[in-house]
Chemist: 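If you scroll down you'll find the structure; I have some questions about it.
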Number of protein chains: 2
Amino acid sequence: MAPVKIPDIVVGRLPLYLRALEIMVDDNREITSSQELGDRLGISSAQIRKDLSQFGEFGKQGTGYNVSFLVKKLKEILHVNKTWPMVLVGVGDLGRAVADYGGFTPRGFKVETVYDSDPQKIGKQVGTFTIRDASRLGDDLAKNGIKIVMLAVPTASAQDVADRVIKAGVTAILCYSSTSISAPSKVHVEYIDPVLHLQRMTYYMR
Amino acid sequence: MAPVKIPDIVVGRLPLYLRALEIMVDDNREITSSQELGDRLGISSAQIRKDLSQFGEFGKQGTGYNVSFLVKKLKEILHVNKTWPMVLVGVGDLGRAVADYGGFTPRGFKVETVYDSDPQKIGKQVGTFTIRDASRLGDDLAKNGIKIVMLAVPTASAQDVADRVIKAGVTAILCYSSTSISAPSKVHVEYIDPVLHLQRMTYYMR
DNA sequence: TAGATTGTTAATCGATTAACAATC
DNA sequence: TAGATTGTTAATCGATTAACAATC
């Protein structure tokens with residue numbers, strides 16, 4: 001009995017559910033329903049029930065879902081019931097903001113170290129971090145067992161840096177550079193490019 | 001004859017094609033094929049041909065696509081053959097980086113003004129911008145005909161600010177706050193939340 | 001002409017939704 | 001019990017892919 005393969009698109013919605021539920025926790029909500037959650041997220045209640053049911057029976061007929069219980073379950077499923085150490089490569093304007101971003105820690109992630117290859121920057125402080133030489137990435141990553149890297153390097157060097165961190169055992173890359181990178185299928189790559197979102201919207205605008 | 005409705009999912013891929021093609025322009029590539037483009041993006045060549053053919057016949061059998069011609073066409077389709085003025089609301093660490101980000105201008109967007117509601121910040125400089133009082137948003141947006149707003153405000157005030165800018169005629173919101181906002185269907189909302197991407201990846205990791 | 005690649009069709013595949021029995 | 005909401009099935013809907021004629 002092969003464990004049923006959960007579709008990627010379902011996995012992609014779970015963090016959205018978790019985020020909405022954590023806001024409900026902050027608001028001291030104890031119970032919610034697929035209907036309410038769906039209304040908040042613009043997703044049908046049927047889809048939410050179907051997605052969740054892939055992982056277990058978390059609700060009660062007639063009542064709904066216990067918010068903190070569902071939060072706990074989703075954190076387990078997404079493996080964010082622990083904190084993942086990450087490193088950041090590239091400390092330009094964007095990298096600086098990523099390093100300072102306060103939103104990682106409460107949600108399961110922590111920036112451990114930041115790197116740059118510019119000799120002018122190496123050794124300087126960025127927030128609480130001392131910028132390390134990017135040429136040390138290989139050794140450091142392997143030694144500290146880091147699995148997640150965020151890239152905020154110039155477009156032209158993104159692939160090169162990606163190749164190097166992958167060689168050092170990294171299996172997840174969050175790429176802020178405006179380019180696609182190629183990686184073996186065992187390595188997960190996600191992208192953040194605000195312009196892609198903007199252009200998607202202007203398509204519909206005059 | 002109703003103009004055929006292009007699926008949202010197709011529209012969402014066009015900016016990706018445009019981005020890859022612009023990199024090819026920089027590399028002085030004159031011609032490409034759906035095969036090559038697909039390889040770079042991890043998308044099947046059939047899908048690329050099908051997507052593009054929704055908008056016209058841009059290629060030549062046996063040859064492929066002229067890169068700069070296709071760039072020109074995609075810019076027209078996405079309405080980024082002009083520059084869209086935008087404003088940014090919220091100048092914390094994240095907002096500061098968004099304001100300084102150099103990637104908007106070459107790709108069809110420009111930050112015109114930045115706003116915050118913190119009296120401590122109003123009047124201060126951020127890069128080349130003087131922070132304006134967020135209470136002026138309503139008047140300013142309407143007067144300058146701004147249609148696009150980027151939100152980098154605290155989660156708790158995102159909905160409130162969104163409501164106000166929508167009232168002032170804004171039809172596109174790029175939301176960096178970690179929450180979903182509700183808006184009339186004529187208003188386009190896109191989200192950027194790095195943690196959602198990270199959690200999507202850790203699902204697959206031990 | 002031979003080789004290559006588009007644009008498009010039809011088939012396949014997968015995701016969403018509607019509906020409802022089960023049950024709290 | 002009556003009302004509400006889940007979990008799940010089957011039907012619908014939509015997206016992707018394989019294949020190939022057209023043609024450069």
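Every chain is numbered from 1 and lettered A, B, ... according to where its sequence line falls, protein lines coming before strand lines.
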Chemist: Quick one: does any side-chain atom of S34(A) pair with a main-chain N or O of R49(A) as donor and acceptor, under 3.5 Å?
Modeler: no

Chemist: Return whichever of S44(B) or T32(A) has its heavy-atom-nearest nucleotide of DNA chain D closer to the 5' end.
Modeler: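 The answer here is T32(A).
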
Chemist: Mind checking S34(B) for me? I need base, sugar-phosphate or nothing, with any heavy atom below 4.0 Å counting as a touch.
Modeler: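 Touches sugar-phosphate only.
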
Chemist: State whether the side chain of D193(B) and the backbone N or O of V195(B) hold a donor-acceptor pair below 3.5 Å, judged by distance alone.
Modeler: yes

Chemist: Could you give the start and end, 5' to 3', of the contact zone on DNA chain D for chain B, using atoms under 4.0 Å from its heavy atoms?
Modeler: dA15(D) to dC24(D)

Chemist: Decide yes or no for E22(B) and V71(B): does some side-chain heavy atom of the first lie under 4.5 Å from some side-chain heavy atom of the second?
Modeler: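 Counting from C-beta outward, E22(B) and V71(B) do come under 4.5 Å.
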
Chemist: Would you mind telling me which of E30(A), E36(A), R29(A), Q35(A) makes a side-chain hydrogen bond (donor to acceptor under 3.5 Å, both in side chains) with T32(A)?
Modeler: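 So, applying the side-chain hydrogen bond (donor to acceptor under 3.5 Å, both in side chains) to T32(A) and each of E30(A), E36(A), R29(A), Q35(A), only E36(A) qualifies.
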
Chemist: Given D133(B) and K121(B), is the salt bridge (Lys or Arg N to Asp or Glu O under 4.0 Å) satisfied, shown in steps?
Modeler: CA-CA 9 Å; D133(B) 187 339; K121(B) 291 181 182 164; over 6 Å; no

Chemist: Over the length of the helix from dG3(C)-dC24(D) to dC24(C)-dG3(D), how much do the five-pair end axes diverge, rounded to 10 degrees?
Modeler: 20°

Chemist: Is a salt bridge present between D116(A) and R96(A), judged by a nitrogen-to-oxygen distance below 4.0 Å?
Modeler: no

Chemist: Relative to the 5' end of DNA chain C, which residue comes earlier, G62(A) or E57(B), by the nucleotide with the nearest heavy atom?
Modeler: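 Nearest nucleotide further toward 5': that of E57(B).
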
Chemist: Between D8(B) and Y203(A), do the side chains contain a donor N or O and an acceptor N or O under 3.5 Å apart?
Modeler: no

Chemist: NZ of K186(B): more than 12 outside heavy atoms within 6.0 angstrom?
Modeler: no

Chemist: For DNA chain C, whose closest nucleotide is more 5', that of S33(B) or that of Q47(A)?
Modeler: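 In this pair, the answer is S33(B).
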
